[in-house]
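The chains referred to below are lettered A, B, ... by the order of the sequence lines, with proteins before strands, and numbering in each begins at 1. Treat the numbers as computed from the prediction; the structure is a model and nothing was measured.
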Amino acid sequence: MSIDGVESPRPPSFIRDLIEADNASGRFGGKVQTRFPPEPNGYLHIGHAKSICINFGLAKEFGGKCNLRFDDTNPTKEGVEYVNSIMEDVRWLGFEWDALFYASDYFEQLYQWAVALIKEGKAYVCDLSPEQVRSTRGTPTEPGQPSPDRDRSVEENLDLFARMRAGEFPDGSRTLRSKIDMASPNFNMRDPVMYRILHSEHHRTGDAWCIFPMYDFAHGQSDSIEGITHSLCTLEFEDHRPLYDWYCDNLGIHHPQQIEFDRLNLTNAQLSKRKLLTLVQRGLVSGWDDPRLPTLSGMRRRGYTAEGIRNFCGMIGVSKTNGIIEYNLLEHAVRDDLNKHALRVMAVLDPLKVVIDNYPAGQTEQMEAVNNPEDASAGTRPVAFSQVLYIERDDFREDPPKQYYRLSPGREVRLRYGYFITCTSVVKNEQGEVIEVHCTYDPATRGGNSPDGRKVKSTIHWVSAAHAIDAEVRLYDHLFQPGVEPKEDEDFTVALNPASLTRVTAKVEPSVAGAAPLASYQFERVGYFCADRDSTPDKPVFNRTVQLKDTWAKTEKSHQQKKP
RNA sequence: UGGGAGGUCGUCUAACGGUAAGACUGCAGACUCUGGAUCUGCGUAUCGGGGUUCGAAUCCCUGCCUCCCAGCCA
């Protein structure tokens, strides 16, 4: 987003307009304070990245601050593993919070505020069961029925609420509710629950509390305490804004402006925290950081870069429209970043043996290869060349189709940084499959140059059989089969793609032997890959991050479609 | 049949009463020691119907469609 260190103007957004209007009117004294408020009940995913970029980005843009606040009001679902992963992911994405808070830091203050509302007759302890509350809430067209406890005395409410806190009552037996309007067309205003009883160990407060505030009774006040000016959240909270406002107003505390924006949806990606948790818990993926998952930890392990993801978040913009972003935009952003930074290397994923008959057996030459044509400072490296090589099986066709430029009988191609070679014959197995290709080379073309100026239609990659090392390469495809929609009574996992992970043994340049986990490479003409955390010097493991654009694959496919 | 929020190229986003723009995708081409990258060109959109206006994606009316809401989840 920046050129020569100068921030280019960010694309306009309605949130920026609102902030500018507030600054112009002096509403918050020109201050901008935001926060990223995850619930620590799962790992962060690409949808959270959008929120992080918006919250931290806007704060930075306006010279404000952005906090990280854990919305940890439900001990039954939250835990430190999630807290830790979230902090790691936010930092990895490239952001550092100005202050770190937990909603649980405010439990005592929240309790006092609840007491204050009780004293004003604006809250009461309700003895209804969850089922009774549901059945008396009414419908969209009918008002709810008031709780029989709605008019309890302040003294009794105070006493009961204190005893709720003291642990005298079992889970679900009572709640503290706000007394607002059982006839409101907005369900959130029909005497919403403020506190419920949960005898559950909280990851921070332990057993100090057995009553916990609901989201609505915690979020706005947490924002208020922190001096948040603009409380950004997703569209599904629009209906909650009246309640957010009600609590701030009735408590008489600093009142931030809640602003809702559209949640990120991505084609072919599962961004439901519940479903991600299911996949992890059922062992259908290798963990929260499975490279097929759209979690930040999974994408990181897969090789997606923080800058690529940040750029993506900038490209998709922000609005209030419910839409779905095409996955290829994300891939574009990742490729774009990797293209600038990833070192090039040669690797053959589906090896086909090539013997150069006129090349001296036993001879080895060191060819000079460019590490990154986009970055001269990346330098060059030597690559061993010898008589027996491997090339990509797909780079040879005995009977080349139209517009196929690569190796085939009688045709000459360039071996990248190597020599021009011409195919002279093939060796087949009993099944008639080509298992070996014989060629001759032109010694004058060393390094891949053409002194006489003759052209070849194609340049292909290769590795020397004697020098290449084996590496496990994990190829990923969509976790869910595109277009497969589970029926209503079916589990969402029926759409799982059985071919989402393929492992192959590739022949790779020895230069990548000790690649550190997360180190990204471009396997020339194939794609971007990064070393997995399972990788060892003895047995390197690479994840395919994303394929390179493949024009030939596209034209071949269209050829096949034209003549079925 | 209640309330809330939205409908602009295939997708996402802009245009703030004054020539509907950009990105991704798609197609065509140039260039290339990666069929990569880069570059060029092409294509497709204001949900419908009324109105106000010299002029409407934008303002008004009306219809249609989509999403969210009846957790002691967030």
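- A search for side-chain hydrogen bond (donor to acceptor under 3.5 Å, both in side chains) contacts involving A:E485 returns nothing, not counting sequence neighbours.
- For the salt bridge (Lys or Arg N to Asp or Glu O under 4.0 Å) condition, the pairs that include at least one residue of residues 196-205 of chain A, sequence neighbours left out, are A:D105-A:R204.
- B:rG50 and B:rG43 have their P atoms separated by 29 Å, given to the nearest Å.
- Residue contacts shown for A:L128 include a base, since a base heavy atom lies under 4.0 Å away.
- Take A:H461 and apply the ring-ring contact (aromatic ring centres under 6.0 Å, His included) test, not counting sequence neighbours, and it matches no residue.
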Pair assignment for RNA chain B - dot-bracket with | for other-strand partners, Watson-Crick or G-U under 3.5 Å: .((((((..((((....[..)))).(((((.......)))))....(((((..]....))))))))))).....
A:L58 vs A:H230, side chain to side chain contact (heavy atoms under 4.5 Å, CB included): CA-CA, chis, key distance, verdict: CA-CA 10 Å; A:L58 251 12; A:H230 303 272; over 6 Å; no
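- Comparing B:rU34, B:rA70, B:rA74 against the side chain of A:P373 picks out B:rU34 as the nearest.
- Rounded to an integer number of Å, the gap from CZ of A:R16 to C1' of B:rU13 is 13 Å.
- Glycosidic conformation of B:rG48 is anti; the angle lies outside 90° of 0.
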Restricting to nitrogen or oxygen on both sides, can you table the protein-nucleotides 14-18 of chain B pairs closer than 3.5 Å?
residue, atom, partner, partner atom, Å
B:rC16, N4, A:D17, OD2, 3.3

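- Scored by the side-chain hydrogen bond (donor to acceptor under 3.5 Å, both in side chains) test, A:R190 finds no partners at all (sequence neighbours excluded).
- Considering only residues two or more places apart in sequence or on other chains, A:R150 meets the side-chain hydrogen bond (donor to acceptor under 3.5 Å, both in side chains) condition with A:D191.
- For B:rG10, its base sits under 3.5 Å from the side chain of A:E326 at one donor and acceptor pair at least.
- Stacking of A:R165 on the aromatic ring of A:Y111 is recorded, both the 6.0 Å distance cut-off and the 45° axial limit being met.
- For residues 175-202 of chain A, the ring-ring contact (aromatic ring centres under 6.0 Å, His included) pairs, not counting sequence neighbours, are A:F107-A:H202, A:F161-A:Y195, A:Y195-A:F217, A:H202-A:F212.
- Which of B:rC73, B:rC24, B:rA70 sits closest to the side chain of A:L329 comes down to B:rC24.
- Here B:rA74 is the nucleotide among B:rC72, B:rA74, B:rA70 with the atom lying nearest to any side-chain atom of A:D71.
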Where protein sits on nucleotides 37-42 of chain B, one letter per nucleotide: B base, S sugar-phosphate only, - none, heavy atoms under 4.0 Å: S-----
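- Considering only residues two or more places apart in sequence or on other chains, A:T545 meets the side-chain hydrogen bond (donor to acceptor under 3.5 Å, both in side chains) condition with none of them.
- The list of salt bridge (Lys or Arg N to Asp or Glu O under 4.0 Å) pairs with a residue in residues 333-343 of chain A, not counting sequence neighbours, reads A:E331-A:R335, A:D336-A:K340.
- Considering SG of A:C423 and CZ of A:F396, their distance stands at 4.5 Å, rounded to 0.5 Å.
- If you check every strand for non-hydrogen atoms under 4.0 Å, A:G138 touches a base.
- Not one side-chain nitrogen or oxygen of A:R137 sits closer than 4.0 Å to the OP1 or OP2 atom of B:rG2.
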Pair A:E236-A:T234, side chain to side chain donor-acceptor pair (under 3.5 Å): steps then yes or no: CA-CA 6 Å; A:E236 65 271 27; A:T234 42; 3.0 Å; yes
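- Ring-plane geometry between A:H203 and A:Y102 is classed as tilted, the angle between the planes lying from 30 to 60 degrees on a 0 to 90 degree scale.
- In this model, no donor atom of one side chain and acceptor atom of the other lie less than 3.5 Å apart for A:S173 and A:D171.
- The CE atom of A:M315 sits 11 Å away from the C1' atom of B:rC12 (whole-angstrom rounding).
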Contact list (N/O, under 3.5 angstrom) for nucleotides 3-6 of chain B vs protein:
residue, atom, partner, partner atom, Å
B:rG3, N2, A:D239, OD1, 3.4
B:rG3, N2, A:D239, OD2, 2.8
B:rA5, O4', A:E238, OE1, 3.2
B:rA5, O2', A:E238, OE2, 3.3

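- Minimum atom distance to the side chain of A:N74 is reached by B:rC73, of the listed B:rA23, B:rU25, B:rC73.
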